[in-house]
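Beneath this line is the structure, given in structure tokens, with notes to follow.
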Protein chains: 2
Amino acid sequence: MATIHDVAKRAGVSVTTVSRVLNNRGYISEATRSKVYRTMEELDYQPNEIARSLLRKQSNLIGLIIPNVSHPFFAEFADRVETYAYECGFKIVLCNSQLDPAKERDYIDMLKRNRVDGIIMGSHTMEVDEYLKLHSPIVTFDRQIGGDIPAVSSDNYLGGELAAKHLIAKGCRKIAHICGNLELKLMANLRTEAFMDVLREHAVESVVIETDMNVFDQVQYERIMEKLFKQHPDVDGLFATSDIIAATAVRHCGAVGKRIPDDVKVVGYDDVAVANWIVPALTTVRQPIGEMGRMAVDLLRKQMDGEAVERCSVLPVELIERSTT
Amino acid sequence: MATIHDVAKRAGVSVTTVSRVLNNRGYISEATRSKVYRTMEELDYQPNEIARSLLRKQSNLIGLIIPNVSHPFFAEFADRVETYAYECGFKIVLCNSQLDPAKERDYIDMLKRNRVDGIIMGSHTMEVDEYLKLHSPIVTFDRQIGGDIPAVSSDNYLGGELAAKHLIAKGCRKIAHICGNLELKLMANLRTEAFMDVLREHAVESVVIETDMNVFDQVQYERIMEKLFKQHPDVDGLFATSDIIAATAVRHCGAVGKRIPDDVKVVGYDDVAVANWIVPALTTVRQPIGEMGRMAVDLLRKQMDGEAVERCSVLPVELIERSTT
DNA sequence: TTAGATATGTCAAACGATTGACATATCTAA
DNA sequence: TTAGATATGTCAATCGTTTGACATATCTAA
């Protein structure tokens, strides 16, 4: 692969001159500029970004750690993050932690060794104090860490509230809620808190079941549904903390002869694309996935530029009513 | 951030010695080794991979260009590629081309500038000759390029054949087929070819509609369905070239009162996770996504090691019968 | 006693680019 | 005529690491 020296020699100019046209600094005549460009074309020269990174001490790389890109929510998030980052001149290094704490740590070290300019952390199984040693720009996704690490999330409490109130308004008297692992200190837990608050307030009976929301394991979900409706056949409403889980519920109800929305009403969460193409289409709480991705990148950029950033950016959610309620 | 010099100074040894323990070469006493490791811990030293890459002329980076990670098929593919690549010591740079030729070219240049060790090309809107200038290791996904660029795909002809024969065996007499853009020279087109061959052979009537299979645009899909069933109300079978399209078809049939599988039988393609949790569950042709991902990485690795590789690796497909046929 | 293994050090070049300091030459306008 | 703008060149340092060549010192075993 051609180097700047090859270009210089072939164009009959000095390396400094080539560097000058490449970086647009100093005086360069039009003639020289075009000659250099032509030579680059001829040699198919591509400046070595590794060498540049070394000197500039910035790699233009952003690490994205998520549980799993094959989960629709994270897939859409990754898509938006990548697209926006690319517009800003950043490349995304994709890391699937599979919710394994060891892998998470491993990825963080790897990203540090590779001197990424920032990390978007969307997978949270590590202990909080492990984050604090990380001095590189970082933003967490849906988790508030002790230090002043900026977090982006959507209004989880409101989301839970909207879902619960909606189900109650639709006449549900016993509502099940399937949430993520409450021990991980995720902001998504606020959905559960809101749900409980609303149900208590309206004196509606509730059933809460914990699961791993971020890795989808259909068999596990199926088992949960089976157990749920066996133990509580009178459940007439369900609020699932992800559309994927809600979809499984819809499927299960169909299989055991419960009609939706007549017998059971279902509200999902996220509003990923699937929510709209299953039958019946899912009523759900929409998270602004695109804006969250953009916000995450922006928060990283601000940190790189030395700007102060808010510790917690909360984006709005919205209830999308479709056919399951 | 600490450098190897800082470690050396603090540990009271030379830089060469630190490098030796880091790379496990030459003679090192146990005492020195552990002293150096301890010092690294203390300083939270992480060797600068950028500097290493520059010297070694390898970045351990693999570029993955796909239309869109938010498409379930590519999401699952990306997941498998990343996981396997990571096991082999490679990092994945994610690129969503959005099927835009300009973006595709742009990404390729970017990856070259960043001196990735290889590229997995899963988005194909560029002209064939543009690939030939690419001398870095590359493997294409589902497209055979003129030169001898290795391709990985699954047995598309067989897939089309299985789907068509299955629908005919189930009694369909007029089968619609929704395929991708046939002008792009994708190997997926073989599905259509097989489909046509089988239908001709069995004298079954067919309707073929082209679309963009790799970017999912629900509105477009809906419109196609509407038009299809308006123009051909007697269609009693449908073979869609992706599960996502098949899911839309299932949804549409439900909406217009066509019963599945009684009135219309549907076969999808890919067997992504969604196929199994929509209702009714989708009969589909399973592509071995995991193996394809692994194969893509392996083919890249072989090229890096200077081994000769097969020009085309075709993995087996399988018909999974569920409830839509 | 001594050759070799073991352990560590010094030094310099290399990877591919950027950049500041400085030199030199030509051109332009006051 | 001449100061300044324009255009290009030379040179060397720098980013952080690896590596080969070579020196030196100690230890071990024949």
Side-chain angles (χ1 to χ4, degrees), chain A residues 1-40 43-61 89 109-117 136, chain B residues 1-40 43-61 89 109-117 136:
Chain A
M1 183 128 245
T3 72
I4 197 172
H5 293 274
D6 301 325
V7 174
K9 192 188 283 180
R10 188 174 225 263
V13 296
S14 72
V15 171
T16 305
T17 300
V18 178
S19 177
R20 285 204 261 253
V21 347
L22 219 40
N23 297 285
N24 247 317
R25 31 195 336 282
Y27 294 117
I28 290 289
S29 69
E30 256 327 302
T32 305
R33 187 187 302 277
S34 60
K35 185 172 53 177
V36 168
Y37 275 131
R38 210 174 330 116
T39 310
M40 288 178 176
L43 295 179
D44 191 26
Y45 169 75
Q46 305 280 356
N48 186 329
E49 287 295 336
I50 296 182
R52 288 180 159 186
S53 296
L54 183 58
L55 191 64
R56 298 206 172 125
K57 290 165 168 305
Q58 69 170 39
S59 59
N60 292 314
L61 247 35
D109 283 346
M110 179 276 275
L111 294 173
K112 280 164 116 179
R113 283 196 303 275
N114 285 277
R115 300 296 190 267
V116 296
D117 293 340
S136 65
Chain B
M1 183 130 244
T3 72
I4 197 172
H5 293 273
D6 301 325
V7 174
K9 191 188 281 180
R10 189 174 224 261
V13 297
S14 71
V15 171
T16 305
T17 300
V18 177
S19 177
R20 285 204 260 255
V21 349
L22 220 40
N23 297 285
N24 247 317
R25 32 196 334 283
Y27 295 116
I28 290 289
S29 70
E30 255 329 300
T32 304
R33 185 188 303 277
S34 60
K35 184 173 53 181
V36 169
Y37 274 132
R38 209 174 330 116
T39 311
M40 287 178 177
L43 295 179
D44 192 25
Y45 169 75
Q46 305 281 356
N48 186 329
E49 287 295 337
I50 296 183
R52 286 179 159 187
S53 296
L54 183 58
L55 192 64
R56 298 206 172 125
K57 293 167 166 303
Q58 68 169 41
S59 59
N60 292 314
L61 246 35
D109 283 345
M110 179 276 275
L111 294 173
K112 281 164 115 180
R113 284 197 301 276
N114 285 276
R115 300 296 191 266
V116 297
D117 293 340
S136 66

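Throughout, a chain's letter reflects where its sequence line sits, starting with A, and its residues are numbered from 1.
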Check your understanding: Taking the side chain as C-beta and beyond, is there a heavy-atom pair between Asn48(B) and Leu54(A) under 4.5 Å?
Key -> yes

Counting the atoms with a prime plus P, OP1 and OP2 as sugar-phosphate, which does [X] contact under 4.0 Å by heavy atoms, base, sugar-phosphate, or nothing?
| X | result |
| --- | --- |
| Ile28(B) | sugar-phosphate |
| Ser53(B) | nothing |
| Ser29(B) | sugar-phosphate |
| Leu55(A) | base |

Side chain of [X] only, heavy atoms from C-beta on: which candidate in [options] is closest?
| X | options | value |
| --- | --- | --- |
| Arg20(B) | dT8(C), dT18(D), dT18(C) | dT8(C) |
| Thr16(B) | dT10(C), dT18(D), dG16(D) | dT10(C) |
| Thr17(B) | dG9(C), dT18(D), dT18(C) | dG9(C) |
| Ser14(B) | dT17(D), dG9(C), dT14(D) | dG9(C) |
| Arg56(A) | dT18(C), dA17(C), dT17(D) | dT18(C) |
| Thr3(A) | dT8(C), dA17(C), dT19(C) | dA17(C) |

Review point. Does dG16(C) have OP1 or OP2 sitting under 4.0 Å from an N or O in the side chain of Arg52(A)?
Key: no

Check your understanding: Between Asn23(A) and dT18(C), is there a side-chain N or O to OP1/OP2 distance below 4.0 Å?
Key -> yes

Between [X] ([atom1]) and [N] ([atom2]), how many Å, whole number?
| X | N | atom1 | atom2 | result |
| --- | --- | --- | --- | --- |
| Tyr27(B) | dA7(C) | OH | P | 8 Å |
| Lys57(B) | dC15(C) | NZ | P | 6 Å |
| Arg113(A) | dC15(D) | CZ | P | 22 Å |

Review point. What about Arg25(B), does its side chain sit under 3.5 Å from the base of dG20(D) through a donor-acceptor pair?
Key: no

Review point. Can you find a donor-acceptor N/O pair under 3.5 angstrom joining the side chain of Arg115(A) to the base of dG16(D)?
Key: no

Point to revise | Watson-Crick/G-U partner (both atom distances under 3.5 Å) of dA23(C) | key: dT8(D)

Check your understanding: side chain to side chain contact (heavy atoms under 4.5 Å, CB included) between Asp44(A) and Lys112(B): does it pass, once the steps are laid out?
Key -> CA-CA 10 Å; Asp44(A) 191 26; Lys112(B) 281 164 115 180; 3.0 Å; yes

Exercise for review: With DNA chain C as reference, determine whether Val15(B) or Met1(A) sits nearer its 5' end, using the nearest nucleotide of each.
Suggested key: Val15(B)

